[in-house]
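This structure is a prediction, so every number in the text was calculated from the model and none was measured. FYI, the numbering just counts along the sequence from 1. All values below were derived from every heavy atom in this structure, side-chain atoms included, with hydrogens, water molecules and symmetry-related copies excluded.
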Amino acid sequence: MDMRELTVREEVEYLRELYGSDREVLARLTDAYTVIQGRAQMLLSLIALCLTITGFSGPKIAAASAFCRYSIVFGLGFVLIAALLLISGPLQLRWVTRYKADRFEDTVAHLIRRRNGRSHRYLLASLALVIGLTGYVGSVIAFLLGG
């Protein structure tokens, strides 16, 4: 079985082949935005939890040793980068019906490019969050082991 990634234009054609009507194609794209939005909100909840816990225990952990201090600062820096990536990408509020080109295919292509951009930012935010949580958890482990 040979699989390849479609170009934006090929994806437009494939969506029309799968769903037929313009209304159904637009509904599927709207669903994709909903998925990205939901996943981004989940990451933002993890970020909020991390920041809340740090507010309570962060100063005590940071005071334990230089490693703990630098690890928690490193971790929180990447957690904040993740938040910025989410806010500047997947969590932007722009309605699908706000955009319309002269041809429906061009409208769909634009929406696919926007969706792909949001997906890319989501991936970058996920990676930044994992890096940040790694630093944060490293500081907690070092603190629990005695600094």
(request) Would you please name every residue forming a salt bridge (Lys or Arg N to Asp or Glu O under 4.0 Å) with R118, sequence neighbours left out? (result) none
Rounded distance (nearest 0.5 Å) linking atom [atom1] of [X] with atom [atom2] of [Y]:
X: E105; Y: I112; atom1: CD; atom2: CD1; result: 11.0 Å
X: L44; Y: L129; atom1: CG; atom2: CG; result: 10.0 Å
X: L46; Y: L133; atom1: CG; atom2: CG; result: 7.0 Å
X: F143; Y: S57; atom1: CZ; atom2: OG; result: 8.0 Å
X: L145; Y: F67; atom1: CG; atom2: CZ; result: 10.0 Å
X: T107; Y: D102; atom1: OG1; atom2: CG; result: 8.0 Å

(message) Taking ring-ring contact (aromatic ring centres under 6.0 Å, His included) as the definition, give me every residue that meets it alongside Y122, ordered by chain and number, with sequence neighbours left out.
(response)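 Expected list: none.
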(request) Not counting sequence neighbours, which residues clear ring-ring contact (aromatic ring centres under 6.0 Å, His included) with Y33? List them please. (result) none
(request) Would you check, one step at a time, whether the test salt bridge (charged side-chain N to carboxylate O under 4.0 Å, His left out) holds for E13 with R9? (result) CA-CA 6 Å; E13 291 172 19; R9 288 291 171 192; over 6 Å; no
(request) Could you check M3 against M1 for side-chain contact (heavy atoms from CB on, under 4.5 Å), going step by step and ending with a plain yes or no? (result) CA-CA 6 Å; M3 297 291 286; M1 175 186 256; 4.2 Å; yes
Is there a path from [X] to [Y] through hydrophobic residues (I, L, V, M, F, W, Y) whose side chains come within less than 4.5 Å of each other?
X: L29; Y: V35; result: no
X: Y14; Y: V8; result: yes
X: I72; Y: F56; result: no

(request) Give the C-alpha distance, both sets of side-chain angles, the deciding distance and a yes or no for side-chain contact (heavy atoms from CB on, under 4.5 Å) between L51 and L80. (result) CA-CA 9 Å; L51 295 176; L80 290 175; 4.2 Å; yes
[X] side chain to [Y] backbone, donor-acceptor under 3.5 Å:
X: R16; Y: V25; answer: no
X: S71; Y: Y136; answer: no
X: R114; Y: R94; answer: yes

(message) Among residues at least two apart in sequence or on other chains, which ones pass side chain to side chain donor-acceptor pair (under 3.5 Å) with Q41?
(response)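 With sequence neighbours excluded, Q41 shows a side chain to side chain donor-acceptor pair (under 3.5 Å) to no residue whatsoever.
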(message) List the residues meeting side chain to side chain donor-acceptor pair (under 3.5 Å) with R103, not counting sequence neighbours, and say none if there are none.
(response)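 D106.
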(request) Among residues two or more places apart or on two chains, list those pairs meeting ring pair (Phe, Tyr, Trp, His ring centres under 6.0 Å) that have a residue in residues 87-118. (result) Y99-H110
Nearest heavy-atom neighbours spanning [X] and [Y]:
X: A83; Y: I47; value: N-CD1, 3.6 Å
X: R28; Y: D31; value: NH1-OD2, 2.9 Å
X: R121; Y: P90; value: CB-CD, 3.7 Å
X: L76; Y: C50; value: CD2-SG, 4.3 Å
X: L91; Y: A40; value: CD2-CB, 3.7 Å

(request) Give the C-alpha distance, both sets of side-chain angles, the deciding distance and a yes or no for side-chain contact (heavy atoms from CB on, under 4.5 Å) between L26 and L111. (result) CA-CA 9 Å; L26 198 57; L111 295 173; 3.7 Å; yes
(message) Quick check: do L6 and R4 have side-chain heavy atoms less than 4.5 Å from each other?
(response) yes
(request) Step by step, work out the ring pair (Phe, Tyr, Trp, His ring centres under 6.0 Å) result for F78 and F74. (result) CA-CA 7 Å; F78 273 92; F74 172 84; 5.0 Å; yes
(request) Tell me, with the steps shown, if M42 and S45 meet side-chain contact (heavy atoms from CB on, under 4.5 Å). (result) CA-CA 5 Å; M42 181 203 59; S45 295; 5.6 Å; no
(request) Answer yes when E11 and R115 have at least one side-chain N-carboxylate O distance shorter than 4.0 Å, and no when they do not. (result) yes
